[in-house]
Amino acid sequence: MALSKTLTQLMHKIFRYSLVLLHLGSCLVTWYVWFIHPCMDVVKTKSLKRRWSPPPSLVLPPASCFCLNDSYILENSIPRDRLADILERRGKEYKKHQARKSSSLNTLLLAPSNSPLQYPIQGFTVRPMIPTLIPGLAVHSEPSSSYKVSLNVAKGVLRLGTPSEAESVEGGGKNLLILETESLEELNRLLAKVTYTSTEYHIHTRDLVDLMFEYHQAVFPIIIRQPSLPVYYDMGTDISHCVTVTTKTFMRYKELRVLIGSLRRYYKDMTLIVADDTFEPENITENNVLQFIMPGGQGWFAGRTLAVSQVTTKYFLWVDDDFLFTEKTKIEDLVEVMEATPELDVVGGSVDGNQFYSSISYEEGDGVTGGCLDKKTDRHFHSLPNYPHCYLVSAVVNFFLARTDSVKRVRFDPKLKRVGHTEFFIDGLGQLMVATCSHVSIGHQMRVYYPKYKEIRSPTHEDEEAKRRLHHYKNYFKCISLE
């Protein structure tokens with residue numbers, strides 16, 4: 001019992017001493033937080049307030065892209081004695097392209113922390129040379145004896161809504177506007193009347209507004225854009241009013257007639273446009289078939305461009321001349337996907353059950369050596385909402401439905417005569433939203449060997465090398481990886 005009592009008393013003493021130590025530690029922490037730490041903070045804050053303001057913008061230097069181990073280095077296709085000259089000319093074209101496509105919105109803007117400034121950060125668009133009120137300008141600040149705000153732009157002028165308030169303004173009608181008042185309420189009333197007017201006509205460009213108040217600075221963009229006119233297609237009441245079938249043929253008239261017969265079995269009134277570059281063409285006199293005779297041997301992409309140029313419907317369906325319409329070739333189902341997903345430009349199906357889609361990754365590179373492209377076959381991104389059998393991809397098979405106006409903006413490059421299909425989707429990267437669907441398919445006729453056709457149409461090693469040289473110059477590629 002005595003031992004137990006002694007141990008209990010000892011435990012009580014240890015507990016009391018622990019409480020004392022904890023209390024002393026708490027006092028030390030409190031003393032540091034209330035006296036030493038605030039003083040350090042004040043010194044730092046004052047120093048920073050005098051010397052630092054948020055950078056209005058940062059321009060990140062471009063970095064060279066990385067070529068995968070299995071990449072093809074495209075300049076290897078260029079003769080050594082021509083390489084320096086081609087690189088020089090390609091570099092000049094790159095600079096012109098950058099000057100044409102560059103935008104102040106490509107500049108990285110950093111939002112200031114704890115700023116009292118209110119301003120539009122997105123969506124402020126003006127028509128060129130039209131005065132437009134800048135929405136949302138305001139200052140939220142502590143009481144002061146005076147308030148001064150300045151706004152500065154590069155491509156336009158700033159004004160107040162009414163001339164009678166000019167006494168509170170410096171630089172009205174110029175690219176610099178200064179507002180100074182003794183009342184915060186009056187300052188915000190003036191800010192609510194500031195207008196911007198671009199001074200040079202441009203259909204699509206940007207300006208940056210530099211907004212300053214005391215030690216606070218912010219930069220926000222203004223989009224200057226001439227509104228474009230919409231182009232609508234009357235889809236009518238029948239599928240033949242909204243879809244045109246297009247194809248390219250060369251020498252294979254037997255297969256073409258089989259294709260036409262299968263189309264008529266399911267869509268008797270739908271228009272078929274045929275681009276024909278056969279050296280000795282035969283006339284096709286079928287109803288609702290438009291045959292356009294080309295100079296002989298112009299190739300795949302010249303024919304595709306010609307065919308699509310003659311489409312007058314909202315959509316066109318691309319097929320090869322040896323395909324075969326079946327009960328699974330439900331054009332209506334592809335139209336349904338496109339209409340339900342307005343962001344889509346192209347939706348592909350399958351040929352004999354094979355979809356042949358791919359995903360494409362592209363890095364722009366540093367502007368000296370060029371960009372890097374990586375294509376992976378049978379890779380998709382994710383499914384479309386409400387269509388689990390459809391996936392977003394970068395390129396699809398030769399059987400696809402497309403928005404006519406979207407494809408006309410990209411076009412098929414006529415320089416590609418005997419090699420090319422994915423190349424169209426490479427040119428359309430960043431311009432075309434593409435999907436593939438497994439529930440719509442088309443058949444393929446039995447392949448027939450035509451020696452003359454094979455001799456003219458089969459690509460050679462030189463065709464492949466010419467395509468690589470085209471990619472190197474036209475697309476400014478350094479390397480391509482195909483998986």
Side-chain angles (χ1 to χ4, degrees), residues 72 77 245-263 272-284 286 289-310 316-325 348-352 354-358 375 377 395-400 402 407 410-428 442-471 474-475 480 482:
Y72 189 92
S77 296
V245 180
T246 57
T247 193
K248 158 75 181 58
T249 196
F250 176 77
M251 294 180 61
R252 298 196 296 194
Y253 290 107
K254 178 182 177 181
E255 286 78 3
L256 177 61
R257 288 188 171 92
V258 172
L259 171 71
I260 294 172
S262 68
L263 171 64
L272 170 66
I273 294 178
V274 180
D276 186 350
D277 68 339
T278 305
F279 288 103
E280 297 178 1
E282 299 178 12
N283 288 328
I284 304 295
E286 304 279 350
V289 175
L290 303 177
Q291 181 186 20
F292 291 89
I293 305 298
M294 306 168 60
Q298 291 302 298
W300 288 346
F301 274 17
R304 288 187 177 189
T305 295
L306 172 59
V308 173
S309 73
Q310 301 305 307
F316 71 88
L317 182 77
W318 183 265
V319 298
D320 282 354
D321 59 357
D322 60 348
F323 283 176
L324 190 69
F325 282 78
S350 65
V351 179
D352 272 352
N354 298 310
Q355 289 181 265
F356 301 109
Y357 55 82
S358 59
K375 172 179 172 288
T377 303
V396 293
V397 72
N398 284 6
F399 170 57
F400 58 84
V407 170
V410 176
R411 88 181 190 118
F412 301 89
D413 190 340
K415 288 185 177 180
L416 296 169
K417 295 180 180 293
R418 295 189 286 188
V419 287
H421 174 67
T422 304
E423 286 67 25
F424 163 72
F425 293 99
I426 289 176
D427 285 346
I442 197 168
H444 200 292
Q445 300 175 41
M446 184 176 296
R447 299 183 187 276
V448 179
Y449 178 73
Y450 298 106
K452 187 67 173 178
Y453 176 90
K454 184 175 178 59
E455 177 187 340
I456 298 175
R457 274 291 183 252
S458 296
T460 64
H461 174 72
E462 177 53 34
D463 291 322
E464 293 291 345
E465 290 294 288
K467 183 175 72 172
R468 289 166 179 155
R469 290 193 294 270
L470 182 66
H471 280 317
K474 184 185 79 170
N475 301 121
I480 292 181
L482 304 177

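Side-chain atoms are counted along with the backbone in the values below, which use heavy atoms only and exclude waters and symmetry mates.
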CD of E423 to NZ of K467: how many Å apart, nearest 0.5 Å?
-> 4.0 Å

Approximate separation, where rounding is to 0.5 Å, of L317 CG and L263 CG | 9.0 Å

Taking 4.0 angstrom as the limit, do K248 and D277 come out as a salt bridge?
-> yes

Verdict with supporting geometry, F424 and L416, side-chain contact (heavy atoms from CB on, under 4.5 Å) = CA-CA 10 Å; F424 163 72; L416 296 169; over 6 Å; no

Option passing side chain to side chain donor-acceptor pair (under 3.5 Å) with Y253 (candidates N283, T278, D321) = T278

Please test H444 against D322 for side-chain contact (heavy atoms from CB on, under 4.5 Å), starting from the C-alpha separation and ending with a verdict.
-> CA-CA 6 Å; H444 200 292; D322 60 348; 2.9 Å; yes

Answer yes or no: is there a side-chain heavy-atom contact under 4.5 Å between F425 and V410?
-> no

Working to the nearest 0.5 Å, report the span between CG of L470 and CG of D413.
-> 5.5 Å

Partners of D463 by side chain to side chain contact (heavy atoms under 4.5 Å, CB included), sequence neighbours excluded?
-> R418, V419, P459, T460

Side chains of T247 and L256: closer than 4.5 Å at any heavy-atom pair?
-> yes

Got a sec, which residues hit ring pair (Phe, Tyr, Trp, His ring centres under 6.0 Å) with F356, two or more places apart in sequence or on another chain?
-> none

Under the 6.0 Å and 45° cation-pi test, does R468 pair with Y72?
-> yes

Point-to-point distance, once rounded to the nearest 0.5 Å, from CG of L306 to CD1 of I273 | 8.5 Å

For K254, all residues meeting side chain to side chain contact (heavy atoms under 4.5 Å, CB included), sequence neighbours excluded = Y450

Does R469 pair with E462 as a salt bridge, N-O distance under 4.0 Å?
-> yes

Donor-acceptor contacts, no H, no angles, side chain residues 289-303, under 3.5 Å, sequence neighbours left out:
| unit_1 | atom_1 | unit_2 | atom_2 | d |
| --- | --- | --- | --- | --- |
| Q291 | OE1 | I284 | N | 2.8 |
| Q291 | NE2 | D276 | OD2 | 3.0 |
| Q291 | NE2 | E282 | O | 2.7 |

Rounded distance (nearest 0.5 Å) linking atom CD of E280 with atom CE of M251 | 9.0 Å

Check against side-chain contact (heavy atoms from CB on, under 4.5 Å), L272 and E286 | CA-CA 10 Å; L272 170 66; E286 304 279 350; over 6 Å; no

Check against side-chain contact (heavy atoms from CB on, under 4.5 Å), T249 and E255 = CA-CA 9 Å; T249 196; E255 286 78 3; over 6 Å; no

Does T305 reach the main-chain N or O of F412 with its side chain, forming a donor-acceptor pair under 3.5 Å?
-> yes

All heavy atoms of G443 vs all of D352, minimum pair found to be CA-OD1, 3.4 Å

Partners passing side chain to side chain contact (heavy atoms under 4.5 Å, CB included) against S262 (at least two apart in sequence or in another chain) = L259, R265, L324, F325

Can you name the side chain to side chain contact (heavy atoms under 4.5 Å, CB included) partners of F279, sequence neighbours left out?
-> F250, I456

Given side chains that start at C-beta, do those of F323 and N398 come closer than 4.5 Å, heavy atoms only?
-> yes

Indicate the ring-plane relationship of F316 and F400, choosing parallel, tilted or perpendicular according to the 30° and 60° boundaries.
-> perpendicular

Give the minimum heavy-atom separation between F399 and S350, together with the two atoms involved.
-> CD2-O, 3.6 Å

